Amino acid sequence: MELFMKSSSLWGLEIYLFCFFIVLSNINKVFASHNIFLDLQSSSAISVKNVHRTGFHFQPPKYWINDPNAPMYYNGVYHLFYQYNPKGSVWGNIVWAHSVSKDLINWIHLEPAIYPSKKFDKYGAWSGSATILPNNKPVILYTGVVDSHDSQVQNYAIPANLSDPFLRKWIKPNNNPLIVPDNSINKTKFRDPTTAWMGQDGLWRIVIGSMRKHSGMALLYRSRDFIKWAKAQHPLHSSPHTGNWECPDFFPVSLKNTNGLDASYRGKNVKHVLKNSLDVNRFDYYTIGMYDTKKDRYIPDNNSIDGSKGLRLDYGNFYASKSFYDPMKNRRIVWAWINESDVLPDDEIKKGWAGIQAIPRKVWLDPSGKQLIQWPIEELETLRKQKIQLNNKKLSKGEMFEVEGISASQADIEVSFSFSSLNKAEQFDPKWADLYAQDVCAIKGSTIQGGLGPFGLATLASKNLEEYTPVFFRVFKAQKNYKVLMCSDARRSTMRQNEAMYKPSFAGYVDVDLVDMKKLSLRSLIDNSVVESFGAGGKTCITSRVYPTLAIHNNAHLFVFNNGSETITIETINAWSMDVPKMH
């Protein structure tokens with residue numbers, strides 16, 4: 001056992017100016033977007049480098065990927081369509097790539113389903129969704145770009161052969177486009193149609209993301225035959241000062257259990273979720289509320305806020321998410337794109353790949369009705385190999401120990417922490433009330449000694465802790481309650497000197513009551529250059545992309561630490577090395 005603060009050279013005191021993190025937050029708005037490098041879009045890699053390539057996350061053999069387009073389950077097969085550049089490792093030349101699976105873990109890569117090829121998508125085939133029609137016929141709705149000014153329309157595609165179990169070939173009928181924006185709509189901010197749902201009146205409905213002036217909008221369209229669509233007089237929902245809404249997702253959630261619901265479900269005891277990907281900062285936000293089916297309006301609950309002060313699916317590197325209903329296991333599953341953070345296009349070209357998909361997550365409504373819960377799908381557990389287990393280990397202030405016996409660069413670890421008292425929780429500074437959690441984490445990082453916390457995991461760590469990515473909790477005493485901060489801090493994740501590299505202190509608050517149950521749990525999926533973490537059973541999720549130079553493959557280490565004055569008990573640790581799924 002080593003002392004956590006034994007050597008200042010290992011865990012030196014970090015003091016970062018608040019304004020510096022505001023700059024970093026603004027940097028994310030630029031570098032997480034689809035920057036256009038026309039001269040590099042078709043720059044093929046000489047070879048694919050595997051140093052930071054993930055082991056058990058979904059990614060094609062090479063080149064650029066971004067949004068998951070239209071995940072669906074059809075006749076015993078899971079389909080994942082996603083945005084893909086078949087010619088290079090930066091954004092451009094986008095097609096709808098297509099992969100299929102029986103278990104959402106092992107995948108077969110097929111030929112792309114949709115290429116830009118006709119006047120209604122000549123300049124781009126962008127994101128969309130899949131809907132299974134009542135006659136068990138799947139249909140894809142997608143955004144087509146029709147000119148060099150990024151004017152957008154909505155198109156559809158259908159399988160060429162329904163008897164093909166993999167639905168390899170797709171047809172774009174000549175009666176496209178189905179939806180053309182009217183003069184009230186910004187033609188360059190009109191994209192990403194949702195999965196359709198049917199109302200009691202027999203009409204299909206979809207939502208399309210858009211913006212009017214500075215208001216984000218979920219435009220509502222209706223159709224009786226899925227071919228002729230009419231815009232409703234009012235949007236399903238809109239919110240001022242939220243910017244352009246991308247990749248909207250609208251679905252019901254049960255108030256009774258964790259089961260998923262089909263988009264067209266019209267029973268009792270449900271709420272609805274509206275998720276939007278905000279173009280202004282590239283994060284995914286959602287609200288929970290009521291869908292008034294008579295007025296075709298969505299009304300968020302009073303405690304559910306639109307925009308950047310609202311709830312996020314993930315408080316880290318996680319964007320353009322898309323969910324689908326899985327009738328096989330009666331659940332709703334959400335996918336999302338995890339982009340690169342090494343920023344410069346030359347980095348992607350040298351690697352020969354860019355972007356991965358997050359581990360698919362089951363999603364359901366928390367019993368409180370105030371937020372969603374997310375948890376990795378159960379099929380992921382089939383990749384677990386060597387296991388270590390530890391029970392009832394105490395960590396005093398400054399102590400840490402290494403989790404040995406597994407592959408620390410490719411692992412699944414679950415930890416349950418407990419503590420006997422809340423008395424040592426630090427006071428929450430009222431000046432932080434208007435800050436984002438990420439900014440508070442930047443001020444109160446893992447090396448800043450506290451009362452109750454920081455405690456957690458040091459992932460992808462080098463032997464002497466020159467680099468590591470800590471995922472941890474810190475408990476504060478506010479005026480009326482306790483606030484639990486969860487951080488995934490990439491600031492010390494690499495020794496690489498690159499001023500443009502994005503290394504944020506991602507963070508979110510965890511809505512738990514610690515008064516009666518003085519426990520916190522943490523699960524982290526560690527995969528070479530990504531750490532997906534789930535706090536308090538999936539109440540708060542944070543994903544970080546990191547690029548260690550020392551903590552690579554067999555040279556990576558995993559530590560558990562406590563840097564607070566309150567002694568922490570590790571009630572249980574279960575950790576596994578993770579296998580590599582089959583990709584064909």
Side-chain angles (χ1 to χ4, degrees), residues 53-61 65 67-82 84 96-113 129-130 132 136 138 140 159 162-168 195 251 258-262 318 321-338 355-364 373-387 406-407 410-414 523-528 530 532 534 538 541 543 574-584:
R53 191 171 170 83
T54 60
F56 57 90
H57 281 72
F58 179 93
Q59 61 184 135
I65 67 169
D67 309 3
N69 288 321
M72 71 174 185
Y73 179 84
Y74 182 71
N75 287 354
V77 178
Y78 293 101
H79 295 256
L80 177 62
F81 304 90
Y82 53 96
Y84 177 61
W96 273 51
H98 184 196
S99 298
V100 294
S101 173
K102 289 284 189 177
D103 59 8
L104 292 167
I105 299 296
N106 302 284
W107 292 90
I108 299 172
H109 298 301
L110 306 176
E111 286 296 309
S129 298
I132 309 298
N136 199 35
I140 283 173
L162 285 174
S163 65
D164 176 6
F166 289 168
L167 303 178
R168 291 175 176 86
T195 296
F251 56 89
T258 67
N259 291 341
L261 299 172
D262 181 78
F318 185 97
S321 60
K322 180 71 69 175
S323 74
F324 75 102
Y325 173 63
D326 175 11
M328 180 66 178
K329 292 195 173 183
N330 198 19
R331 58 187 174 177
R332 180 159 291 273
I333 294 173
V334 62
W335 285 84
W337 169 45
I338 303 174
I356 62 174
Q357 302 294 345
I359 295 297
R361 305 171 180 180
K362 179 180 175 180
V363 58
W364 66 95
I373 303 293
Q374 299 167 80
W375 198 248
I377 57 169
E378 61 185 3
E379 289 89 339
L380 183 68
E381 297 171 14
T382 62
L383 297 179
R384 289 172 170 174
K385 299 193 299 181
Q386 299 99 322
K387 178 184 179 181
I406 60 167
S407 172
Q410 203 164 295
D412 181 357
I413 179 168
E414 297 184 7
R523 181 181 182 183
S524 288
L525 304 176
I526 304 162
D527 196 1
N528 295 303
V530 61
E532 286 192 68
F534 304 82
C541 308
T543 298
N574 290 296
W576 298 263
S577 297
M578 294 295 281
D579 206 349
V580 177
K582 297 176 182 177
M583 299 281 182
H584 301 288

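Side chains included, hydrogens not; waters and symmetry mates left out as well; all remaining heavy atoms used. Everything numeric in this text was worked out from a predicted model, so none of it was measured.
Remark: Phe58 pairs with Tyr82, Trp107, His109 by the ring-ring contact (aromatic ring centres under 6.0 Å, His included) rule, at least two apart or across chains. By the side chain to side chain donor-acceptor pair (under 3.5 Å) test, Glu378 is found to be paired with Lys329, residues two or more places apart in sequence or in another chain being considered. Residues satisfying the side chain to side chain donor-acceptor pair (under 3.5 Å) test with Tyr325, not counting sequence neighbours, are Asn330. Applying the side-chain contact (heavy atoms from CB on, under 4.5 Å) criterion to Val77, with sequence neighbours excluded, gives His79, Val100, Lys102, Phe166. A search for side chain to side chain donor-acceptor pair (under 3.5 Å) contacts involving Asp262 returns nothing, not counting sequence neighbours. Scored by the salt bridge (charged side-chain N to carboxylate O under 4.0 Å, His left out) test, Asp527 finds no partners at all (sequence neighbours excluded).
Here the side chain of Ser101 pairs a donor or acceptor atom with the backbone of Asn106 at under 3.5 angstrom. A distance-only check finds no donor-acceptor pair linking the side chain of Gln374 to the backbone of Cys541 [under 3.5 Å]. Within the 3.5 Å criterion, the main-chain N or O of Ala130 finds a donor-acceptor partner in the side chain of Thr195.
Ring pair His98/Phe81 is parallel by interplanar angle, where below 30° counts as parallel and above 60° as perpendicular.
When every heavy atom of Lys385 is checked against every heavy atom of Trp576, the shortest pair comes out as O-CD1, 3.9 Å. In this structure, Arg523 and Leu380 approach most closely via the heavy-atom pair NH2-CD2, 4.1 Å. The two atoms that bring Arg332 and Leu261 nearest to each other are NH2-O, 2.9 Å, heavy atoms only. Nearest approach of Met583 to His57, heavy atoms of both residues: CE-O, 4.3 Å. Residues Pro159 and Pro138 share a closest heavy-atom pair of CD-O, 3.3 Å. Nearest heavy-atom pair across Phe251 and Ser323 is CD2-OG, 3.5 Å.
Rounding to the nearest 0.5 angstrom, the gap separating the CG atom in Asn528 from the CE atom in Met578 is 12.0 Å. Between Ile526 atom CD1 and Ile406 atom CD1 the span is 7.0 Å, to the nearest 0.5 Å. Interatomic distance, CG of Leu80 versus CD of Gln357, reported as 5.5 Å (0.5 Å rounding). Taken from CD1 in Ile65 to CD in Gln59, the straight-line distance is 6.5 Å, to the nearest 0.5 Å. In this structure, Ile359 CD1 and Ile333 CD1 are separated by 12.0 Å, a value rounded to the nearest 0.5 Å. Distance check: Phe534 CZ to Ser524 OG gives 8.5 Å after rounding to the nearest 0.5 Å.
Looking only at side-chain heavy atoms (C-beta outward), Asn136 and Asn75 come within less than 4.5 Å of each other. Using a 4.5 Å heavy-atom cutoff, the side chains of Lys387 and Asn574 are in contact. In this structure the side chain of Tyr73 never reaches within 4.5 angstrom of the side chain of Leu104, judged on heavy atoms. Residues Pro112 and Trp96 have side chains not in contact (no heavy-atom distance under 4.5 Å, counting atoms from C-beta outward).
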- prompt: Between Lys322 and Asp67, does a salt bridge (Lys or Arg N to Asp or Glu O under 4.0 Å) hold up when you go through it step by step?
  reply: CA-CA 8 Å; Lys322 180 71 69 175; Asp67 309 3; over 6 Å; no

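Around atom CD of Glu111, no more than 12 heavy atoms belonging to other residues, nucleotides or ligands sit under 6.0 Å away.
When Arg361, Arg331, Lys362 are each tested for a salt bridge (Lys or Arg N to Asp or Glu O under 4.0 Å) with Glu379, only one passes: Arg331.
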